[in-house]
Participant: 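Before we start, here is the structure in question, set down as structure tokens.
Start at 1 and go down the list; that is how both ligands and their atoms are numbered.
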Amino acid sequence: MKYVVVSGGVLSGLGKGVTASSIGVLLKSAGLRVTSLKIDPYLNSDAGTMSPFEHGEVFVLDDGGEVDLDLGNYERFLDINLGRDNNLTTGKIYAKVIEAERRGDYLGKTVQVIPHVTDAVQDWLEEVAHIPADGGDLPPDACIIELGGTVGDIESAPYIEALRQFQFRVGRENVTFVHVSLVPVMGPVGEQKTKPTQHTVKELRGLGITPDILVCRSSAPLTKETREKLAAFCHVSPQAVMSTHDVPNIYHVPLMLQEQGLCEIMNVDCESTGLLHDWKTMAYHLDTLTEKVEIAMVGKYTDLSDAYLSVIKSLQHAAMAVDHKLVINWIEASHLESDWSDASEREHAWALLKQSSGVLVPGGFGDRGVEGKILAAEYARTSSTPYLGICLGLQVAAIEFCRNVLGFEGSNSTEFDENCKNPAVVFMPEISTTHLGGTMRLGSRPTLWQVEECTIRRLYGDGDSVDERHRHRYEVNPDMIEAFESAGLVFVGKDETGQRCEIFELEGHPYYVGVQYHPEFKSRPGRPSPPFLGLLMASTGQL
Ligand code: GLN
């Protein structure tokens, strides 16, 4: 087993996750089975209770793990399926150590960060690295370990120490340390500054880890002088100083690293499979797309697009498949509401919605903007504009239909109006009302087709069922399904009990689809998720 440990310095947001995933792509191109593990040094057990506004989206895995969005990058780049243990958090490791202490496993010893927590971290890394992630039975050959946060943070100190020791546990020759840093440009002549990188490497080396490879985020490729200076001051060879400069799309990142000789340094032959060639084709294909397709994204948090990262990626995968350049029109849902106080914001939101060829309402929690989302669903339904509703997006469409087609005025979800009459969406009976963390209906569940023939089934292709990932507490009111269906909103996919609505499709509409699950978590470049593909095909007149 080869380990690639990716740490970061200077500041966050350097694209450490993309760098780490790209290194994984290169290893995979060399024919290795690759897995990955992300360490998040926060005390939360998992990302499930964290606001997407602060941390970006909560990514959901097959096993129901609610994890950091970087695991989404790994799944998409490496085309693997990870489990909840592939995201190690301080909350998880401390819980494990404390549980062992209560059992008496430490035989009277004082339990300490070193060695008990650091040992537990190393055991975890080694164990999880060996779990197959590509759907086969064989253990991976390589594991990318990404350390979240920035070197020097108090939170990450135990992990740095664990990783320092880890090189002796598994053999120095089996670990490659990659440090991701920033090279800013200053002054009128655009001088590339190496000092921040010098400092962060010094700090890392002070903690006992000497990086083998430096990856520097910069706006332009590093000059020869910058590389040489960094090599001299940071104790790495000049060949091992790479830059990840600005490129038109992220699929160029593995190619850029390969061109700079990363494969030679890691001693692998990235050309030994056809994978990198396909990757190249994809990166350049994306650059050549010129014809635009505008999709309205009606949500919250619209100033922080990381909150919808996988949805954006899925739209891009689908847009690529229909040969169009994706333009997302971000619409803050509450701006659509009739009582929104700023008239120009309201006008602007409606103009954006109306100029879009398709409408997407993504998942969400809490009542802010819900009425705006309902208006967007109504607009799409009545104007024959293609619509995809995901989770909450399905629920708002059901509320809209209930109010405006079935005539149940004041219908709502009990999430937003607990005592409303004729609720279109209700709380699921099996869900905990006392705890928030990890208590939703989570992870991969089957949806069984209820009809022989419909658009969304055609898009999914063969099979009697589809497995997609869930994350919700509410569902379409089972008592109303008959009324919905008799008015044309057909629940073409249901769960294994035949009771719970999973997919609806509106009869007589070009594309009006709602899914209770989150298809965005399983979309891959080159293999777009069917509901997204349907939206993009319908929006570009190809369905
Ligand atoms: N808030 C809704 C529910 O819990 C929708 C959740 C979601 O969109 N992920 O059912």
Side-chain angles (χ1 to χ4, degrees), residues 46-53 55-62 64-67 69 72 297-302 306-312 314 333-334 359-374 376-377 387-400 402 411-418 420 423-445 447 468-478 480-481 491 494-495 499-504 513-523 529 531-532:
D46 61 35
T49 54
M50 293 163 79
S51 159
F53 190 50
H55 279 273
E57 78 177 0
V58 177
F59 193 82
V60 181
L61 301 171
D62 274 341
E66 298 174 275
V67 296
L69 55 77
M297 271 272 270
V298 184
K300 289 199 295 189
Y301 312 148
T302 42
D306 263 7
Y308 296 116
L309 187 68
S310 294
V311 175
I312 298 170
S314 305
S334 47
V359 178
L360 193 153
V361 177
F365 296 83
D367 63 356
R368 181 163 66 86
V370 163
E371 290 300 323
K373 293 176 191 177
I374 293 173
Y387 177 87
L388 175 61
I390 296 176
C391 206
L392 182 62
L394 165 141
Q395 297 175 359
V396 294
I399 297 169
E400 190 277 319
C402 198
S411 174
N412 210 329
S413 162
T414 54
E415 179 178 6
F416 314 123
D417 181 359
E418 223 179 316
C420 73
V425 178
V426 295
F427 197 76
M428 284 183 291
E430 68 268 39
I431 303 300
S432 164
T433 49
T434 54
H435 282 65
L436 285 182
T439 58
M440 286 185 253
R441 181 165 178 258
L442 283 165
S444 184
R445 313 282 180 121
T447 294
E468 294 275 16
R469 300 177 185 173
H470 295 71
R471 183 170 188 253
H472 64 126
R473 293 193 179 87
Y474 294 80
E475 62 175 332
V476 172
N477 187 351
M480 286 229 171
I481 289 185
F491 295 95
K494 289 188 181 164
D495 76 343
Q499 298 293 316
R500 177 161 289 151
C501 165
E502 290 280 2
I503 311 173
F504 72 58
V513 171
V515 288
Q516 185 55 74
Y517 49 78
H518 291 270
E520 68 268 28
F521 297 135
K522 286 177 73 168
S523 186
S529 163
F532 286 90

Participant: Taking side chain to side chain donor-acceptor pair (under 3.5 Å) as the test, write out the residues that go with E371, two or more places apart.
Facilitator: R403
Participant: H518 side chain to E520 main-chain N or O, any donor-acceptor pair under 3.5 Å?
Facilitator: no
Participant: Quick one: are E415 and R473 in side-chain contact, heavy atoms under 4.5 Å?
Facilitator: no
Participant: Pick one: which of R445, K494, R469, R441 meets salt bridge (Lys or Arg N to Asp or Glu O under 4.0 Å) with E502?
Facilitator: R441
Participant: Which parts of the protein, at residue level, reach under 4.0 Å of ligand 1 through a heavy atom?
Facilitator: G363, G364, F365, C391, L392, Q395, E415, R471, H472, R473, Y474, H518
Participant: How close do V60 and G443 get, heavy atom to heavy atom, and via which atoms?
Facilitator: CG1-N, 4.0 Å
Participant: Please answer whether the main-chain N or O of S529 pairs with a side-chain N or O of S523 as donor and acceptor at a distance below 3.5 Å.
Facilitator: yes
